[in-house]
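To start, the structure under review is shown below, and the notes come after it.
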Protein chains: 2
Amino acid sequence: MAQLDESLLSGLPPFSQLTRVQIREILDQATSKRYERDTVIFREGFEADRFYLLLDGYLRVVRTTPEGEQIIALHISPGQLFGIAPALQRETYPASAIAASESLALSWPVRLWETFTQNYPSFSTESYKTLGARLGEMQTRITELATQAVERRVAAALLRLVSQSGRKVEGGVEIGFPITRQNISEMTGTTLHTVSRLLAAWEKSGIIKSARKRIVVTDPPRLLVLSGAKS
Amino acid sequence: MAQLDESLLSGLPPFSQLTRVQIREILDQATSKRYERDTVIFREGFEADRFYLLLDGYLRVVRTTPEGEQIIALHISPGQLFGIAPALQRETYPASAIAASESLALSWPVRLWETFTQNYPSFSTESYKTLGARLGEMQTRITELATQAVERRVAAALLRLVSQSGRKVEGGVEIGFPITRQNISEMTGTTLHTVSRLLAAWEKSGIIKSARKRIVVTDPPRLLVLSGAKS
DNA sequence: CAGGCACTTTGTTCTGCCTCAAACTCGCAG
DNA sequence: CTGCGAGTTTGAGGCAGAACAAAGTGCCTG
């Protein structure tokens with residue numbers, strides 16, 4: 001394995017307070033691995049034996065129902081910790097992680113979690129902050145699913161994707177990884193057909209542009225209105 | 001304030017590893033307060049300045065949408081910590097807590113959170129375990145809302161309520177606090193009308209018995225089937 | 001560069017559940 | 001014990017969106 005560079009971590013919140021030496025130590029214990037698109041990184045229900053940090057790429061965190069339907073719980077962007085079940089004293093992963101685009105991640109065995117949190121207070125603080133943000137986001141999704149019409153949910157999902165992974169392109173902001181109508185339907189609890197119709201309508205009215213697996217939001221404010229934002 | 005007895009805490013997971021003296025210390029720093037039914041304990045969006053332990057009674061944790069609709073995120077049973085936003089580095093509570101029945105709770109100022117987790121490892125471990133369980137439960141609810149029909153969701157909600165607060169009565173298990181059809185609809189993302197119709201049907205087929213604000217499940221296995229449990 | 005597969009679009013039908021409406025009943029406050 | 005309000009029941013009608021169906025279309029592989 002190639003030697004990892006300290007600058008990989010030094011800019012990330014959980015590590016930014018640490019000294020070079022500390023970061024070196026952490027890196028030396030890490031395993032680095034790349035994942036091709038659609039590769040499973042860990043699987044729901046399996047023993048949670050490692051925790052991860054995404055360096056590059058994007059992931060979907062997915063849950064499968066007994067009937068075999070999938071729903072996407074969460075997306076992970078570069079710089080985020082994931083698979084941190086051990087922080088919550090879980091023995092198994094509650095969901096599966098799948099690479100949405102070619103990705104690169106570091107990982108450590110769970111036994112180091114305790115070491116890290118004890119030796120590096122900023123690591124602990126930042127990790128729990130991430131968890132708090134995720135929990136809040138999940139509550140928002142529950143509320144949306146429980147109270148809002150499909151159109152609003154899809155609009156909100158698109159905005160969330162853009163804010164988490166958007167990159168500027170001429171004419172708008174593009175979602176940073178390949179995503180299908182099916183994927184969007186799995187985030188919003190609807191069908192790919194309905195998503196397709198909605199996107200077609202929005203494209204016609206100039207709010208988005210889309211190609212196969214790619215979506216560019218050209219008019220975020222209009223989407224915001226559709227998502228039901230309070231004026 | 002009356003002197004609190006150590007036995008209040010000694011049986012609860014977060015404290016069961018501690019010595020009498022340690023528990024005494026914790027109790028001495030606690031504020032104890034009772035809440036009448038429908039009282040707000042803390043409110044969504046307000047500064048998260050205390051964390052709580054429910055000693056007796058039941059709470060609803062509620063979120064309000066911009067449109068003013070409520071949805072019930074969670075129920076809290078005796079012995080559980082709640083309002084633990086500070087553990088996740090949040091500055092405000094993400095939801096409101098309301099007494100579902102007359103309740104008694106202890107609370108501490110947030111600055112003690114750090115003290116507790118540092119001095120009492122079992123406190124930290126157990127708190128994060130609770131959080132992990134809640135996160136898992138929320139994921140399950142998202143999945144349900146996204147994929148399952150109303151009847152299943154209501155059946156699942158009833159079972160969850162019974163398992164969290166059920167007390168044995170002749171002829172079945174009763175939900176341990178007053179609950180309206182409206183409340184159930186706010187847990188499941190439907191309307192009180194639909195809930196009423198479902199409960200009426202189930203009562204007719206002998207699965208439950210109900211009175212105003214009270215529900216007794218007389219045939220849990222049949223409910224389990226309705227909730228879509230995998231055989 | 002041709003063929004196939006994954007993804008997408010579009011049409012039609014059908015229904016679960018919401019909406020609106022109104023009457024009923026229990027329990028408590030006065 | 002009586003009247004009122006909160007909670008509940010029940011009916012009828014409509015429609016958003018699921019289900020079913022089938023025909024494009026772009027991309028990658030060989």
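Chain A is the first sequence line, chain B the second, and so forth, proteins listed ahead of strands; every chain is numbered from 1.
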Whole angstroms only, please: what is the CD1-C1' distance between Ile184(B) and dG7(D)?
12 Å
Could a donor-acceptor pair under 3.5 angstrom be found where the side chain of Arg212(B) meets the base of dC26(C)?
yes
Tell me whether the OP1 or OP2 atom of dG16(C) has a side-chain N or O from Thr194(B) closer than 4.0 Å.
no
For Arg181(B), which contact category applies under a 4.0 Å heavy-atom criterion: base, sugar-phosphate, or nothing?
sugar-phosphate
Below 4.0 Å: OP1/OP2 of dG7(D) and any side-chain N or O of Thr180(B):
no
Taking only side-chain N and O atoms of Thr190(A), does any of them lie within less than 4.0 angstrom of OP1 or OP2 on dG17(D)?
no
Report the distance from atom CG of Leu192(A) to atom P of dT9(C), rounded to the nearest whole Å.
10 Å
Just by distance, with hydrogens left out, do Ser77(A) and Gln164(A) show a side-chain donor and acceptor under 3.5 Å apart?
no
Starting from C1' on dT9(C), measure out to CH2 on Trp202(A) and report it in whole angstrom.
16 Å
In plain terms, say whether Arg34(A) and Glu102(A) are close enough for a salt bridge, that is, a side-chain N and a carboxylate O under 4.0 Å apart.
yes
In whole Å, what is the span from the CZ atom of Arg197(B) to the P atom of dG13(D)?
13 Å
Taking CG from Leu199(B) and C1' from dT10(D), how many angstroms apart are they, rounded to a whole number?
14 Å
When the distance from CG of Leu145(B) to C1' of dA18(D) is rounded to whole Å, what number comes out?
17 Å
Whole angstroms only, please: what is the NE2-P distance between His193(B) and dT10(D)?
14 Å
Between Ile179(B) and Ala149(A), name the one whose nearest nucleotide on DNA chain D is closer to the 5' end.
Ile179(B)
With under 30° as parallel and over 60° as perpendicular, where do the rings of Phe42(B) and Tyr52(B) fit, or are they tilted in between?
tilted
Quick check for you: to the nearest 0.5 Å, what is the distance between Leu224(B) atom CG and Ile207(B) atom CD1?
11.0 Å
Tightest non-hydrogen contact, residues Ile142(B) and Met138(A), listed as CD1-O, 3.8 Å
Below 4.0 angstrom from OP1 or OP2 of dC18(C), is there any side-chain N or O of Thr191(B)?
yes
Rounded to whole angstrom units, what separation is found between the NZ atom of Lys213(A) and the C1' atom of dG26(D)?
12 Å
